[in-house]
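The structure under discussion appears below in the form of structure tokens.
It should be emphasised that the depicted structure is a prediction, and the values quoted were computed from it without experimental measurement. These numbers come from the heavy atoms of this one structure, side chains and all, not from hydrogens, waters or symmetry mates. First the proteins, then the strands, lettered A, B, ... as listed; each starts at 1.
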Amino acid sequence: MISLRNVWIVAERDMRTFLRYKVLLIMRAIWFLAQIALFGLVVNKMLRPDVQDAVGGNYFHFYVAGIVITLLYSTAVFIGYDIFEEADHGVIEYLLSVPISRKELVLGRSIGGGLRSFIYVSPMMLFALYLIGISNPLQLLVAFASLFLFTFGVAGFSITLAVSIKSSDKFDILLGVVDALIVRLSTTLYPIAYMPDYYAALAKFNPLTFAADIFRWGAGIESALITSPWTAVLGIVLFFSMFTFLGIILHEKRIEGGGWQ
Amino acid sequence: MAVKAVMHIMERDIRYFFRFKWWVAGMVSMNLADLFIMAVVYTRMVNPNLVVNYFVFFAPGLTITALFAAAFMIGREVNMEIRRDIIHYMLSLPIKRWELAFGRVLAGSVRGLIYMSPLLLTTLAITYLYTSVFPSPLELFTIIFTLFLVAIGTSGLSISLALSTTSFEKYITMRGVVYYVLFFCSTVFYPMTLIQSSLPTPLVLIARYNPLSCGADLSRAFLLGTPPFSFWMLLDLGIFALFFALVAAFAYRRAMQK
């Protein structure tokens, strides 16, 4: 039987740990501001008029929404580094000694990893919504619920990678490569219609595409180029289910018998 | 000043650089993804009246961003060494303080140049493929010299920032602001005319005198033919490199004397 209280205690610990990463938090916030206040503004003027029409009239709004999702992804993925660091410093042994079951521990980590990212990005998300404007609060609520699941899915994805790879060097490198590709091969920065076919084929199934497009839909960006909201919700639910499940199973398996060592 | 001692310091820092495998791998993938994915997609979206071929326009800029990111990294190590008193160990070495200081500045720039080299070759290949123009030996030398100046100045700037405070949070905030302002407020990603029409005057001024802009435009002058080469770009970079190399060396020496 899983105790929700225990799950919450683990999640809360992860959220507190996150506040210690001042460097990451400061750098990410500055990056967000620079992306929208400098890059977003200038690139917005560089595009063809038909592109502006296609993305709902204003590429800047399209871009701001995409950057929020990139930020959400890059902070949620950080839980994998925590798991590696804890293995390095012997914290896992301590965690296993506390009166919390393996399942509660693993579930709590996945929830904590996603929740802390959502909380951190919330002010920037609100700022983005202030810039874009809100036209339908109900749509926005659906988008928020989906993004909530998306962050849990990303945390699960990161945990899955972290527990599948034993070398922290390999994990760092793999995450760096995945990070570079997953963002650029999605609709966070540009719509799928302008990608060459070989990139578009990958972008269609990218969870960041679903997350970026559902957030745009929630914010009321009217564009025929964004993924249909129900496809996006379905994609996010599938991503969340797959990686939360995988992350929990693999993590639980690995912590038995000192598999992290 | 003994060249051998400076070389030892440089060798240490260069070896140290390749210990950050994850950072190098992440940066390489980021740079290549920027060029072969992001720039390819933007090429289909950018107004050709403003930038004829964004992919070709961006390629020289990518070399500069790679160089800048790699050379900027030395500051983080210097700040860590100061905070953790590793500098005391450095002082125990039979190397003079000036040699240490200049060794660090030079090491930062050489790391940038090493990291940037494969990307410069990629840029040369791309621009040759699209424009059939290959720079003459003198032009190629000027490009490499320009990149060296950008690397020296960046390394110096990064070390100066690292030594300006012992608080890690303050340093990271300053570093982040300077890094992203120089990065995005430059002609690496977009031409000057666009910056002028999109950003307020103070930022336009930063973009105009930004060493990254001068480096990118100077490379484009020889590789793409536009904007035209101007001697002022070289002078701007020379002043930037000299100023920050000296500031960093003085600041480093002062930090060691505390």
Exercise. Side chains of A/Asp179 and B/Ser29: does their closest heavy-atom pair fall under 4.5 Å?
Worked result: no

For this session: Pick one of side chain, backbone, both or neither for A/Tyr59, based on which atoms fall under 4.5 Å of a heavy atom in chain B.
Result: side chain

Problem set entry | Side chain to side chain, B/Tyr179 and A/Met27, heavy atoms closer than 4.5 Å | no

For this session: Would you please go through residues 53-72 of chain B and name the residues with a non-hydrogen atom below 4.5 Å from one of chain A, in numerical order?
Result: B/Tyr54

For this session: Could you tell me which non-hydrogen atom of A/Ala180 sits nearest to which non-hydrogen atom of B/Ala33, and how far apart they are?
Result: O-CB, 3.9 Å

Problem set entry | Inter-residue atom distance A/Met195.CE - B/Met38.CE, 0.5 Å rounding | 12.5 Å

Seminar exercise, completed: Greatest number of non-hydrogen atom pairs under 4.5 angstrom with chain A, of B/Val41, B/Val28, B/Ile172, B/Asn49, falls to B/Val41

Problem set entry | A/Arg28 atom CZ: more than 12 heavy-atom contacts under 6.0 Å | yes

Exercise. Is the number of heavy atoms from other residues, nucleotides or ligands within 6.0 Å of OH (B/Tyr89) greater than 12?
Worked result: no

Problem set entry | Residue part contacting chain A, namely of B/Val46, when any heavy atom lies under 4.5 Å | both

Exercise. Heavy atoms under 4.5 Å from chain A: which residues of residues 196-203 of chain B carry them?
Worked result: B/Ser197, B/Ser198, B/Leu199, B/Leu203

Exercise. For B/Val177, is it the side chain, the backbone, both, or neither that has a heavy atom closer than 4.5 Å to a heavy atom of chain A?
Worked result: both

Exercise. When heavy-atom pairs shorter than 4.5 Å are enumerated against chain A, which of B/Tyr171, B/Phe183, B/Phe189, B/Tyr190 gives the highest number?
Worked result: B/Tyr190

Exercise. So do the side chains of B/Ile37 and A/Leu181 get within less than 4.5 Å of each other, counting heavy atoms only?
Worked result: yes

Seminar exercise, completed: In this structure, CZ of B/Arg44 is separated from OH of A/Tyr194 (nearest 0.5 Å) by 10.5 Å

Exercise. Do any of residues 30-48 of chain A have a heavy atom less than 4.5 Å from a heavy atom of chain B, and if so, which, in residue order?
Worked result: A/Ile30, A/Trp31, A/Ala34, A/Gln35, A/Ala37, A/Leu38, A/Phe39, A/Leu41, A/Val42, A/Val43, A/Lys45, A/Met46, A/Leu47, A/Arg48

For this session: Identify, with sequence neighbours excluded, every residue that meets salt bridge (Lys or Arg N to Asp or Glu O under 4.0 Å) alongside A/Arg184.
Result: B/Asp34

Problem set entry | Distance (rounded to the nearest 0.5 Å) between B/Thr173 OG1 and A/Ile26 CD1 | 3.5 Å

